[in-house]
Amino acid sequence: MEVLGEPRNFIEEHIEKDLREGRNNQRIHTRFPPEPNGYLHIGHAKSIVLNFGIAEKYNGLCNLRFDDTNPVKENEEYIESIKRDINWLGYEWHETPRYAADYFEQLYEWAVKLVKMGKAYVCDLTPEQIAERRGTPTEPGQESPYRNRSVEENLDLLERMRKGEFPDGKKTLRAKIDMASPNMHLRDPMIYRIIHVDHHRTGDKWCIYPMYDFAHGQSDYLEGITHSLCTLEFEVHRPLYDWFLDQLVEGDYRPQQIEFARLNLTYTIMSKRKLQQLVEDGDVDGWDDPRMPTISGLRRRGYTPAAIRNFAQNVGIAKRENLIDVAVLEHKVREDLNIKAPRYMAVLDPLKVVITNYPEGQIEEMDIINNPEDDSMGSRKIPFSREVYIERKDFMEDPPRKFFRLAPGKEVRLKSAYIIKCEEVIKDEEGNITELHCTYDPETKSGADNAGRKVKGTLHWVSVDHAFKAEVRLYDRLFKDEDPGKNKNNFKESLNPESLKIIKNCMMEPALKDMQLENKMQFQRIGYFCVDHKHSTPGQPVFNQTVPLRDSWSKKSNQQKNQK
RNA sequence: UGCCCGAUGGUGUAAUUGGCAACACGUCUGAUUCUGGUUCAGAAGAGUCCAGGUUCGAACCCUGGUCGGGCAGCCA
């Protein structure tokens, strides 16, 4: 997947330097360490592509490790979804998935070791007291009165913590570092806390659980990780990451933490907590709602793994905060789908056209190319008859300049069929256009050489007698604000009420009836779509719009409007 | 009034490590087109946060500012 070449970013440069210097015996071993407390999103995809991509590029390995040190938030459903999403993206982790929980025993032993070294102690302070004594970023903290308990007492207390003799929150194990450190994370950070909650892997075996800082670096160490890549907010944790390992392990091998900026995308949010809130409050149709920035949402929306991978590579890796235009993501799906997606005819807002000089009852099977970008995809037949539907907005009674579509007295080509001319506009009593009467030129059949006749516009259509009705869902951005995450408290205020548009009576060409779940296709002149795997039923597909085609006409006509 | 990061077209990322700022998206022209898609050709748009300094030469090195982000969960 990855092309070996020049380093693409500062992390690869760092790695190549390590390789040159022979660090860690020139092994490269990364890991992707999600906490199973939610579904993966496009930001995780950036990390996945980075970690697995580096392993591939440098002939290394990449582990999947669930960072499951907090049983109150984590569960099996998330684990399954995470594994599914990574595989779907096209990656396979080294050996079996790892779990921080697999290391609980070792971690505990290390905690004991720290106690014996006099570098950890059991603290009886309440959460409030600990917070009070932690100080602030500008003021040093105060030492805990329990800081100088004897090794023996600490050992005894720690063991009793493990045995479950104390209720939640009553005691903690803390590292003895420096309450006056300018780095808050070095002010006697917590190592273990008491949580009497069953763990999805270890059941009721434990009632004390290690904190992230005590678990992550050591887990990296145990797995032989060489480069532990994480996001910027962990930068200040790095001294602690290194401190634990320096106390606990011997030898030259050390994993090293390197931080990069997380991905931000316009008009969406990347916070798992907030995404979960949308799911729980019913603002969306689950974690895989096609408007969600989750991997499963994008998948249901019709995005391809390749598009997401290419996107992740395209945005690059750096340390500065960023906000990527969602147009980049959209460009990447179009790029991929343009090559892969067969084209079909679908009319979203039908207007009937009667071709008055076409023989009644006659049906022609027209040849239509499946994908002009790929000859190997061949062609198929599509029925043509006297009555067809066209898109309502492809007709205007009083068209502006440069309207290349149908209008009274004007001609257009029906894609893969004939050139027709609009002769008459039929309206109901209220003046609504109900149908168009046109004539066709039999000499202009598609494929046949037709005396060089050219018309400016080509429309998609579908035969009235052969069409079937289907539901199509159009999606717009989930939020109205470019950066809804900025609105700290009420991010929901900027939810876009028009992010989902369900269109019931779209007219589809017959071949579309056989589409399978997740099949992707282009609706000619409209956009890329896929078959929704949640709401489709056999013989009655529901189509999700992945992304519309670029549309320079609507852009131009909007500009004209604005100029008036 | 602490510590740690960061700052390059509208957005994002580069710049062979000190040699006259490049690529992608977006925008705008034009050509081609039986998709106003695709493709092709081209254009506009930054002088690199600011001020000093070192140097023949600085986006890159030094000094001092400014601005932005992170850090005070028994979350990760």
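The sequence lines fix the lettering, A, B, ..., with proteins before strands; numbering per chain opens at 1.
- In this structure A:Y103 satisfies the ring-ring contact (aromatic ring centres under 6.0 Å, His included) test with no other residue, sequence neighbours excluded.
- Ring geometry, A:F479 versus A:F491: the interplanar angle falls from 30° to 60°, so the pair is classed tilted.
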Read 5' to 3' with Watson-Crick or G-U pairs under 3.5 Å, [ ] for crossing pairs and | for partners on another strand, RNA chain B gives .((((((..((((.....[..)))).(((((.......))))).....(((((..]....))))))))))).....

Close N/O contacts between protein and nucleotides 37-43 of chain B (under 3.5 Å):
from: B:G37; atom 1: OP1; to: A:S552; atom 2: OG; distance (Å): 3.1
from: B:G37; atom 1: N2; to: A:R343; atom 2: NH1; distance (Å): 3.4
from: B:G37; atom 1: N2; to: A:E373; atom 2: OE2; distance (Å): 2.7
from: B:U38; atom 1: O2'; to: A:N338; atom 2: ND2; distance (Å): 3.2
from: B:U38; atom 1: O2'; to: A:E373; atom 2: OE1; distance (Å): 3.2
from: B:U38; atom 1: O2'; to: A:E373; atom 2: OE2; distance (Å): 3.3

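- If you check B:C74, B:C34, B:U27 against the side chain of A:T458, the one that comes closest is B:C34.
- Listed by chain and number, the residues in a salt bridge (charged side-chain N to carboxylate O under 4.0 Å, His left out) with A:D85 amount to none (sequence neighbours excluded).
- Listed by chain and residue number, A:E259 satisfy the salt bridge (charged side-chain N to carboxylate O under 4.0 Å, His left out) test with A:R238 (two or more places apart in sequence, or in another chain).
- Here, B:A21 and B:A15 have their C1' atoms 7 Å apart, quoted to the whole Å.
- Rounded to an integer number of Å, the gap from A:Y209 OH to B:G73 C1' is 18 Å.
- Between A:W287 and A:Y78, the two ring planes are perpendicular [angle over 60°; tilted spans 30° to 60°].
- Of the possible donor and acceptor atoms, none in the side chain of A:N370 sits under 3.5 Å from a partner among the backbone N and O of A:Y344.
- Comparing B:A76, B:U35, B:A72 by their closest approach to the side chain of A:E35 singles out B:A76.
- For A:V236, taking side-chain heavy atoms from C-beta onward, the closest of the listed nucleotides B:C4, B:U35, B:C74 is B:C4.
- Comparing the C1' positions of B:U48 and B:G6 gives a spacing of 15 Å, expressed to the nearest Å.
- In this structure B:G68 sits in the anti conformation; its chi angle is more than 90° from 0.
- Among the heavy atoms of the strands, none lies under 4.0 Å from A:Y192.
- Across the C1' atoms, B:U8 and B:U13 are found 10 Å apart, a figure rounded to whole Å.
- Annotation: side chain to side chain donor-acceptor pair (under 3.5 Å) contacts of A:D374 (sequence neighbours excluded): A:S376.
- The salt bridge (charged side-chain N to carboxylate O under 4.0 Å, His left out) check on A:R98 picks up A:E95, with sequence neighbours excluded.
- Applying the salt bridge (charged side-chain N to carboxylate O under 4.0 Å, His left out) criterion to A:E35, with sequence neighbours excluded, gives no partner residue.
- Applying the salt bridge (Lys or Arg N to Asp or Glu O under 4.0 Å) definition to pairs two or more places apart or across chains, those involving residues 171-185 of chain A are A:D124-A:K171.
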Given protein heavy atoms under 4.0 Å, the one-letter contact record of nucleotides 9-17 of chain B, with B base, S sugar-phosphate only and - none, is simply --SSSSS-B

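- With sequence neighbours excluded, the residues satisfying side chain to side chain contact (heavy atoms under 4.5 Å, CB included) with A:E77 are A:Y39, A:N75.
- Interface remark: the A:H237 side chain does form a donor-acceptor pair with the B:A76 base, using a distance-only criterion of under 3.5 Å.
- Distance noted for atom P between B:C67 and B:C50: 15 Å (whole Å).
- By the side chain to side chain donor-acceptor pair (under 3.5 Å) test, A:E335 is found to be paired with A:K332, residues two or more places apart in sequence or in another chain being considered.
- Remark: ring of A:Y212 does not overlap the six-membered base ring of B:A76 in a stacked fashion, as centroids less than 5.5 Å apart with planes less than 30° apart are not both met.
- Rounded to whole Å, the separation between the C1' atoms of B:U17 and B:C4 comes to 25 Å.
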